[in-house]
Every structure is written in C-alpha cells, then in structure tokens.
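For reference, the structure is listed below as structure tokens.
Note that these values count all heavy atoms, side chains included, but never hydrogens, waters or copies made by symmetry. Everything quoted here is computed from the prediction, not taken from an experiment.
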Amino acid sequence: MITMKTDFDLRKINLDLSKELNLAGQIIAKDHFTRLERGQDANGKQMAPLEDATIARKGFNQILVNTGKMRNLIVDKATKTKQEVLVHPGEKQKYKKSRVTMSDVGGFHQKGKGNLPRREWFGVSTKAETNILKMITHRIDREIRRA
C-alpha cells in the first residue's frame with residue numbers, strides 16, 4: 001500500500017471556467033473583426049482582393065462584407081454546466097432567405113468553391129490565442145495556489 005501526504009486539497013479547486021471561456025469568445029470575436037477590417041486572414045496575411053465584377057456588383061471593395069455576419073460573429077456563451085463557448089457567423093441564420101446558413105457561406109469562403117477564391121478568414125490568431133492562454137493559465141495557477 002502506498003500512502004501519500006499532501007499539503008493541498010483538490011476539492012478546493014473550482015473548475016468552473018465559464019467566465020474565462022466567455023472572455024475568450026469575446027477576445028476571438030473582437031480580434032476577428034479587427035483583422036477583417038484590415039483585410040487580413042486568420043494568419044495575419046492580406047486576403048486576395050475582390051474581382052472587378054464583384055466590386056461592381058456589391059458597390060464597394062471590402063472583402064467578406066455583404067450582410068455583416070462574417071465580421072460580427074455570434075458568441076454562444078459557456079455556463080457552469082456547459083464549459084464551452086462557440087464563436088460562429090450563424091449556424092442557423094439563413095443567407096438571404098436561402099437554405100444556406102451563414103456558417104455554410106463561411107465554409108465556402110474558408111475552403112474556396114467554384115469561382116470563389118480560398119480566403120482563410122475564420123480562425124484564432126496567434127495574438128488572440130496567446131492572450132487567452134495567459135488568462136486561463138493565470139486562473140488555473142490561482143486555483144492551484146488556493147488549494
């Protein structure tokens with residue numbers, strides 16, 4: 001039989017990270033909006049410019065702007081019982097009264113489809129990931145010290 005003596009109590013650790021997860025969702029959404037305003041993809045690279053015909057049809061030269069859904073992501077919040085935050089352009093929202101959802105449209109842009117060039121617009125940037133990891137690490141360290 002092995003006996004182990006500890007100077008901490010794991011039952012004192014609060015594993016509810018919903019507050020931090022919700023902040024992470026906000027960090028991702030804000031970073032995403034800022035990147036797209038600068039015309040950058042998830043890796044910080046400039047995205048391919050719009051074709052002249054697309055600019056003429058839309059009436060402006062901004063990439064991934066039509067309804068605003070691709071820039072203004074939805075953040076489905078985490079709760080104490082659901083430790084998960086979802087960030088998306090609209091899983092159920094239809095694109096212009098069609099059967100296609102905003103998430104479908106996002107996928108077409110992400111991978112490229114037909115005449116649509118591949119634009120890796122969706123993802124977590126290194127900057128956002130670093131900020132989120134620092135925040136989560138700080139919270140976990142605090143919980144461990146408290147135990």
Step by step, work out the side-chain contact (heavy atoms from CB on, under 4.5 Å) result for Thr137 and Asp141.
CA-CA 6 Å; Thr137 300; Asp141 286 346; 3.7 Å; yes
How far apart are the C-alpha atoms of His109 and Phe122, what are their side-chain angles, what is the distance that settles it, and do they pass the side-chain contact (heavy atoms from CB on, under 4.5 Å) test?
CA-CA 9 Å; His109 281 280; Phe122 191 81; over 6 Å; no
Report the C-alpha distance between Phe33 and Leu73 in whole Å, list the side-chain angles of each, state the deciding distance to 0.1 Å, and finish with yes or no for side-chain contact (heavy atoms from CB on, under 4.5 Å).
CA-CA 8 Å; Phe33 182 87; Leu73 298 176; over 6 Å; no
Determine whether Lys127 and Glu129 satisfy the following criterion, salt bridge (charged side-chain N to carboxylate O under 4.0 Å, His left out), listing intermediate values before the conclusion.
CA-CA 5 Å; Lys127 177 184 172 187; Glu129 181 179 11; over 6 Å; no
One pair to check against side-chain contact (heavy atoms from CB on, under 4.5 Å): Lys30 and Gln26. What are the steps and the verdict?
CA-CA 6 Å; Lys30 183 178 179 183; Gln26 292 172 4; over 6 Å; no
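Residues Lys94 and Arg99 come closest through the heavy atom pair NZ-O, 3.5 Å. The nearest pair of heavy atoms linking Val75 to Ala29 is CG2-CB, 3.9 Å. Taking all atoms of both residues into account, the shortest heavy-atom contact from Met102 to Pro89 is CB-O, 3.4 Å. Nearest approach of Asp16 to Ser18, heavy atoms of both residues: OD1-OG, 2.8 Å. In terms of heavy atoms, Gln62 sits closest to Leu50 at O-CD1, 3.5 Å. Closest of all the heavy-atom pairs between Val85 and Asp76 is CG2-O, 3.2 Å.
At distances below 3.5 Å, not a single donor-acceptor pair connects side-chain atoms of Arg119 with backbone N or O atoms of Gly112. Under the 3.5 Å distance criterion, the side-chain polar atoms of Arg35 are matched with a main-chain donor or acceptor of Trp121. For Lys82 (side chain) and Lys77 (main-chain N/O), a donor-acceptor pair under 3.5 Å exists by modelled atom type. Using modelled atom types, one side-chain atom of Asp41 and one backbone atom of Asn43 make a donor-acceptor pair closer than 3.5 Å. Without hydrogens or angle criteria, Gln83 side chain to Leu17 main chain gives a donor-acceptor distance under 3.5 Å.
With hydrophobic clusters built from ILVMFWY side chains whose heavy atoms lie under 4.5 angstrom apart, Leu21 does not share a cluster with Ile74. Taken together through direct or relayed side-chain contacts under 4.5 Å among Ile, Leu, Val, Met, Phe, Trp and Tyr, Met135 and Ile28 form part of one hydrophobic cluster. Linking ILVMFWY side-chain heavy atoms closer than 4.5 Å, directly or via other members, places Ile140 and Leu23 in a single hydrophobic cluster. The cluster map of Ile, Leu, Val, Met, Phe, Trp and Tyr, joined by side-chain heavy atoms under 4.5 Å apart, puts Ile27 and Leu86 in different clusters.
The shortest distance between side-chain heavy atoms of Arg57 and Thr54 falls below 4.5 Å.
Ionic pairing of Arg118 and Glu120 is present here: one or more N-O contacts between side-chain nitrogen and carboxylate oxygen are shorter than 4.0 angstrom.
A donor-acceptor contact closer than 3.5 angstrom is absent between the side chains of Asp31 and Thr34.
Note that CD of Gln46 and CD of Gln40 are 5.5 Å apart. Values are rounded to the nearest 0.5 Å. Between Leu15 atom CG and Lys80 atom NZ the span is 10.5 Å, to the nearest 0.5 Å. The CG atom of Leu133 sits 14.5 Å away from atom NE2 of His138, with the distance rounded to the nearest 0.5 Å.
Residue-environment remark: NZ (Lys58) exceeds the threshold of 12 foreign heavy atoms within 6.0 Å.
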